[in-house]
2 protein chains.
Amino acid sequence: MSTVASAALPRPKQRRLSPEDRRSDFIRKAAEFFSEEGFDGGTRELARKLGVTQPLLYRYFPSKEDLIREVYRTVYLDRWNPEWDALLTDRSQPIRERLQHFYEAYTDAIFTREWMRIYLFSGLKGVEINRWYVGIVEDRILKRIVVEYRHEAGLPEQEPEPAELELGWVLHGGIFYYGVRKHIYGSNVLEDKDRVISNALDVFLEGISRVFGTGVKVRSTLVRRPGSGDEG
Amino acid sequence: MSTVASAALPRPKQRRLSPEDRRSDFIRKAAEFFSEEGFDGGTRELARKLGVTQPLLYRYFPSKEDLIREVYRTVYLDRWNPEWDALLTDRSQPIRERLQHFYEAYTDAIFTREWMRIYLFSGLKGVEINRWYVGIVEDRILKRIVVEYRHEAGLPEQEPEPAELELGWVLHGGIFYYGVRKHIYGSNVLEDKDRVISNALDVFLEGISRVFGTGVKVRSTLVRRPGSGDEG
DNA sequence: CAGCTTATTTATCATATGAAAAATAAGACG
DNA sequence: CGTCTTATTTTTCATATGATAAATAAGCTG
């Protein structure tokens with residue numbers, strides 16, 4: 001058999017990795033893979049991307065479902081920066097600035113194609129961790145926004161009412177949807193994310209102060225005009 | 001062979017339907033099916049739900065992908081009520097009321113579990129019809145909101161700027177996300193959808209009038225307060 | 001180098017999948 | 001009722017899938 005002179009794939013040459021490295025590599029690349037293919041993506045194709053054979057996956061994870069669970073963990077957990085808790089409740093600075101800084105940082109953390117796709121895929125599957133995360137968002141972000149806003153506006157302290165939380169969700173969802181359009185739909189969004197956040201916050205805080213009937217100045221420090229394009 | 005006395009499945013007894021009826025029935029139920037299972041749902045399970053055998057599907061659709069395309073059509077198309085075009089641009093009534101009526105009707109049309117799930121599934125697949133639909137939303141809804149708002153606010157007529165459209169998207173996405181939370185995440189949302197819309201519009205229109213630096217009265221007729229719960 | 005552990009691969013299984021071919025029977029028409 | 005059309009089912013195929021068992025070889029220890 002005349003072996004063709006050209007590169008005949010010089011044999012995969014298996015290389016042993018430490019189980020820890022292999023495992024974490026699997027999870028990280030599986031997150032990439034499933035984020036593109038969805039969780040119905042095949043283990044063989046995944047293994048090809050990993051540069052190993054498919055059965056090796058089953059030495060590290062009892063089942064595909066277990067691997068997926070690990071992917072959830074890396075995507076959902078450890079994404080929250082503990083400093084954000086202090087930031088959102090730091091009454092030494094106005095809520096306008098707190099929210100601007102928070103949403104800039106938060107969207108830096110989650111506005112990736114990988115994160116958003118896995119978030120939506122898992123949301124459609126209805127997995128528990130997704131519902132848990134939605135609860136976290138409400139508790140750690142939206143309730144605080146309402147409480148802190150009420151405080152700054154001089155309104156009486158009280159548990160956020162459902163209608164107030166819904167308004168928080170409209171803001172949050174509106175910002176989130178910007179990420180969906182950019183990273184999932186591939187729309188031609190306005191590239192300046194921080195400006196989109198700024199405008200959204202301006203409208204939200206100005207609007208809510210009107211709707212709630214207080215004249216609190218929420219734009220005391222950061223004054224921007226959408227479309228003027230002269231703030232940077 | 002001692003046939004068991006109990007109900008031995010009295011034989012499916014095939015029933016012929018007119019091709020038109022069969023076909024439309026397939027598409028309608030396939031939409032239900034795929035909205036739950038995702039487009040990776042199997043044709044056999046689908047056929048079971050349809051009460052027919054799996055190969056029959058292939059008499060009506062050359063391939064599974066063709067069937068899915070038909071599902072897209074029923075979900076994406078014919079969902080837009082032509083009256084909405086006139087409604088949104090009807091300058092005989094204030095924009096506040098126009099938007100309230102429009103979003104009540106629009107969300108009545110799309111806030112179903114089936115629609116939202118298929119919309120998200122197809123968005124994740126990146127199919128063309130989804131991108132097309134996003135363009136429709138921008139052209140038929142958001143651009144009009146900006147134009148009509150500018151008109152009512154006495155601002156100069158001009159093509160909506162990207163930053164203005166982004167603000168429209170934040171409103172739209174915020175309302176949309178309410179539907180996602182209710183119909184996909186199964187969250188305990190505030191059930192009064194029209195009130196959520198009303199509050200979102202109040203905040204948006206009040207806020208934008210402030211941010212744009214005009215004092216136009218956008219709540220001249222409908223005045224509601226979130227959380228007061230006394231407007232019904 | 002010899003010997004051992006185990007990471008990795010090869011081979012294989014049972015089942016599920018989209019799809020096609022052939023067989024059957026429902027129902028319309030004379 | 002007899003005949004014909006065709007909607008529907010039965011069989012079957014080729015391939016893909018998640019998962020397991022056995023074989024191989026990388027690389028550490030002596």
Side-chain angles (χ1 to χ4, degrees), chain A residues 8-72 118 121-122 125 127, chain B residues 1 8-72 121-122 125 127:
Chain A
L9 291 198
R11 192 179 303 171
K13 192 69 176 294
Q14 68 179 230
R15 269 182 44 194
R16 294 161 82 104
L17 256 59
S18 81
E20 299 76 39
D21 291 350
R22 187 64 90 187
R23 185 181 158 86
S24 57
D25 186 57
F26 278 6
I27 296 173
R28 188 164 37 81
K29 290 196 180 136
E32 287 178 31
F33 176 76
F34 287 126
S35 77
E36 287 303 320
E37 308 294 324
F39 294 114
D40 291 315
T43 53
R44 269 161 248 265
E45 202 186 332
L46 169 58
R48 200 176 312 129
K49 177 194 173 92
L50 293 168
V52 300
T53 55
Q54 179 250 3
L56 189 58
L57 287 168
Y58 289 85
R59 183 170 184 90
Y60 289 88
F61 307 96
S63 73
K64 181 184 177 184
E65 205 44 46
D66 285 275
L67 169 57
I68 289 175
R69 250 189 296 275
E70 290 305 306
V71 169
Y72 288 151
I118 287 187
F121 274 126
S122 61
K125 277 213 330 192
V127 294
Chain B
M1 33 165 106
L9 291 197
R11 193 177 303 171
K13 191 71 175 295
Q14 69 179 229
R15 271 183 44 195
R16 295 160 81 103
L17 255 61
S18 80
E20 301 74 40
D21 291 351
R22 188 62 92 185
R23 185 183 158 85
S24 57
D25 186 58
F26 278 6
I27 295 173
R28 189 165 36 79
K29 291 197 180 136
E32 286 178 32
F33 176 76
F34 287 127
S35 77
E36 287 303 321
E37 307 293 324
F39 294 113
D40 291 315
T43 53
R44 268 162 248 263
E45 203 186 332
L46 168 58
R48 200 175 314 130
K49 176 193 172 94
L50 292 168
V52 300
T53 55
Q54 179 251 2
L56 188 59
L57 287 168
Y58 288 87
R59 183 170 184 90
Y60 291 88
F61 308 95
S63 72
K64 180 184 176 183
E65 205 44 45
D66 285 275
L67 169 56
I68 290 174
R69 250 189 297 276
E70 289 305 306
V71 168
Y72 288 151
F121 274 126
S122 60
K125 276 211 335 191
V127 295

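Letters A, B, ... are given to chains in the order of the sequence lines, protein chains preceding strands, and every chain is numbered from 1. Being a predicted model, the structure only gives us computed values, none of them experimental. The analysis underlying the following values was restricted to heavy atoms, covering all of them including side chains, and did not include hydrogens, waters or symmetry mates.
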*Asks:* Rounded to the Å, how far apart are B:I68 CD1 and C:dT17 P?
*Replies:*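 In whole Å, C:dT17 P lies 14 Å from B:I68 CD1.
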
*Asks:* Where does the angle between the aromatic ring planes of B:F26 and B:F61 fall among parallel (under 30°), tilted (30 to 60°) and perpendicular (over 60°)?
*Replies:*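 Because their plane-to-plane angle lies in the 30° to 60° range, the rings of B:F26 and B:F61 count as tilted.
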
*Asks:* Specify the residue among A:D40 and B:R22 whose closest nucleotide of DNA chain D lies further upstream toward the 5′ end.
*Replies:*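 Comparing both residues, the 5'-ward one is B:R22.
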
*Asks:* Between B:D25 (CG) and D:dA7 (P), how many Å, whole number?
*Replies:*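 Result: 15 Å.
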
*Asks:* Between B:Y72 and B:F39, how do the two ring planes meet: parallel, tilted or perpendicular, split at 30° and 60°?
*Replies:*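 Rings of B:Y72 and B:F39: perpendicular, as their planes differ by over 60°.
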
*Asks:* Closer than 4.0 Å, any side-chain N/O of B:Y60 to the OP1 or OP2 of D:dA7?
*Replies:*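 For B:Y60, the contact criterion (side-chain N or O under 4.0 Å from OP1 or OP2 of D:dA7) is not met.
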
*Asks:* Which nucleotide wins on minimum distance to the side chain of A:P55, given the candidates D:dT9, C:dT10, C:dT6?
*Replies:*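 The answer is C:dT10.
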
*Asks:* Does a side-chain N-to-carboxylate-O contact under 4.0 Å join B:K125 and B:E65?
*Replies:*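 Salt bridge: yes.
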
*Asks:* What's the CG-C1' distance between A:L56 and D:dA21, to the nearest Å?
*Replies:*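 Distance check: A:L56 CG to D:dA21 C1' gives 15 Å.
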
*Asks:* Below the 4.0 Å mark, does C:dG18 have OP1 or OP2 next to a side-chain nitrogen or oxygen of B:T43?
*Replies:*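 It does, given that an N or O in the side chain of B:T43 lies less than 4.0 Å from OP1 or OP2 of C:dG18.
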
*Asks:* Can you tell if the side chain of B:F33 reaches within under 4.5 Å of the side chain of B:R28, non-hydrogen atoms only?
*Replies:*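 No, every pair of side-chain atoms sits at 4.5 Å or beyond.
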
*Asks:* Does A:Y58 put a side-chain nitrogen or oxygen below 4.0 Å from OP1 or OP2 of D:dA19?
*Replies:*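 Affirmative; the distance criterion is met.
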
*Asks:* Nearest-Å distance, CZ (A:R44) to P (C:dT12)?
*Replies:*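 The distance from CZ of A:R44 to P of C:dT12 comes to 14 Å, rounded to the nearest Å.
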
*Asks:* Just how far, in rounded Å, is C1' of C:dG18 from CZ of B:F34?
*Replies:*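 Roughly 11 Å, once rounded to whole Å.
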
*Asks:* Could you check how far CG of A:L57 sits from C1' of D:dA19, rounded to whole Å?
*Replies:*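 Distance, rounded to whole Å: 11 Å.
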
*Asks:* For B:P19, report the nucleic acid contact type (base, sugar-phosphate, nothing); a contact means any heavy atom under 4.0 Å.
*Replies:*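 Here B:P19 touches the backbone only, sparing every base.
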
*Asks:* For the pair made of CG in A:L46 and P in D:dT17, what is the distance, rounded to whole Å?
*Replies:*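 These atoms are roughly 12 Å apart.
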
*Asks:* For A:S18, report the nucleic acid contact type (base, sugar-phosphate, nothing); a contact means any heavy atom under 4.0 Å.
*Replies:*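 Contact class for A:S18: none.
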
*Asks:* Can you tell me if B:R59 touches the phosphate of D:dA7, counting only side-chain N or O atoms and a distance under 4.0 Å to OP1 or OP2?
*Replies:*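 Yes, within the criterion.
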
*Asks:* Heavy atoms, side chains only, cut-off 4.5 Å: are B:D25 and B:D21 in contact?
*Replies:*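 Heavy-atom side-chain distance check fails, nothing below 4.5 Å.
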
*Asks:* To the nearest Å, how far apart are B:Q54 CD and D:dT9 P?
*Replies:*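 After rounding, the reported distance stands at 11 Å.
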
